[in-house]
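Note that this is a predicted model, so its numbers are computed, not measured.
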Amino acid sequence: MKNSSQITGLPIISIADGQQIGAVKTLVINPEKGTIDFLTIEHEDWQVSVKAIPFKKVVGIGEYAITVETDNAVIDLNEIPIANQLVNKKIKINQTKVMTRKGALLGEVIEFYADDETGQILGMDLLVGEKQVTMPSEYVLTYGKDIVIVKEDAEQGFLDNHELLGQQTPETDSIHHEEAAASEEQQNTKQLDALKNKQVELLVGKKVNKDIIGLDGQVFIPAGTILTEDQIHSAQTEGPAVLIELAVNVE
């Protein structure tokens, strides 16, 4: 599970050649299905057409980057009418009002969560007065451009822990909270380890074509270096900025 801010802005990396395709600009919502269907791409060389990646083409969403098999996953939205229609609907979810079907205003969305495997929207954080709560998506009737319409009993489903944890309910005791949190942490650790291993596979043996500068401002890996596993692990330890700089400057 990822929230929208964890996806927006991430670099998009092609697994086939280890190159950065661009970065995630926006999430394109399908209001009928309640899913993220496309990720639009920000790239300095694409000024006219709008490029995007279908969510189903995403291999993984990690802490540092989103991966796809090849740059063939990129499509031109102007050539896909259905995708273009979704973009033009401008469904953003965040900063939209939440109202019941009978017109009672409940609050405003400040964040939403989606399944990082399917793109299905799982829930959202709401600001209700001065309190922050989480509402599962099962209460949503309509995702609109300005307003999210929900069922009359939506307030009964509010969670107070500000986090969507599977089938957990407000009545779950503290032990269950701890177990769920531990399980999610283990899953996140496995995903992070898998991403780091994939990064090593992509970069090992590649030649660095420019000096890579570390966090201390000094040359971390000089141009011409043939990357080893240890050097890639060191770059991962330096952090995402250094690792991405390395990933886009190899041949």
Treating [X] as the side-chain partner and [Y] as the backbone partner, does any N or O pair qualify as donor plus acceptor under 3.5 Å?
{"X": "Glu152", "Y": "Thr100", "answer": "no"}
{"X": "Lys89", "Y": "Asn30", "answer": "no"}
{"X": "Thr96", "Y": "Val148", "answer": "no"}
{"X": "Asp153", "Y": "Gln156", "answer": "no"}

Between Leu127 and Ile93, is there shared hydrophobic-cluster membership here, with clusters defined by ILVMFWY side-chain heavy atoms closer than 4.5 Å?
no
Let me check something: do Val109 and Ile91 share a hydrophobic cluster, defined by ILVMFWY side-chain heavy atoms less than 4.5 Å apart, either directly or through other members?
yes
What I'd like to find out is whether the side chain of [X] reaches to under 4.5 Å of the side chain of [Y], using heavy atoms alone.
{"X": "Ile53", "Y": "Ile66", "answer": "no"}
{"X": "Val140", "Y": "Ile121", "answer": "no"}
{"X": "Leu227", "Y": "Ile221", "answer": "yes"}
{"X": "Tyr139", "Y": "Val98", "answer": "no"}

Partner set under side chain to side chain contact (heavy atoms under 4.5 Å, CB included) for Ile15, not counting sequence neighbours:
Val59, Thr67, Glu69, Lys198, Leu202
Begin with the C-alpha distance, continue with both residues' side-chain angles, and end with the deciding distance and a verdict on side-chain contact (heavy atoms from CB on, under 4.5 Å) for Asn209 and Lys207.
CA-CA 6 Å; Asn209 57 30; Lys207 182 180 179 181; over 6 Å; no
Supply the members, apart from Ile82, of the Ile/Leu/Val/Met/Phe/Trp/Tyr cluster built from side-chain contacts under 4.5 Å; use none for a lone residue.
none
Check whether more than 12 heavy atoms from other residues, nucleotides or ligands sit under 6.0 Å from atom NZ of Lys57, and answer yes or no.
no
Taking only residues two or more places apart in sequence, or in another chain, which ones meet Glu111 in a side chain to side chain donor-acceptor pair (under 3.5 Å)?
Ser4, Ser5
Would Asn3 and Asp125 count as a side-chain contact (heavy atoms from CB on, under 4.5 Å) if you check the C-alpha gap in whole Å, the side-chain angles of each, and the deciding distance to 0.1 Å?
CA-CA 10 Å; Asn3 62 43; Asp125 286 341; over 6 Å; no
Hydrogens and angles aside, do Ser14 and Gln19 bring a side-chain donor and acceptor to less than 3.5 Å of each other?
no
Would you check, one step at a time, whether the test side-chain contact (heavy atoms from CB on, under 4.5 Å) holds for Ile226 with Lys206?
CA-CA 6 Å; Ile226 304 299; Lys206 295 288 183 69; over 6 Å; no
Shortest non-hydrogen contact from Leu10 toward Ile61
CD1-CG2, 3.9 Å
Measuring from Ile212:CD1 to Ser234:OG, what's the distance to the nearest 0.5 Å?
13.5 Å
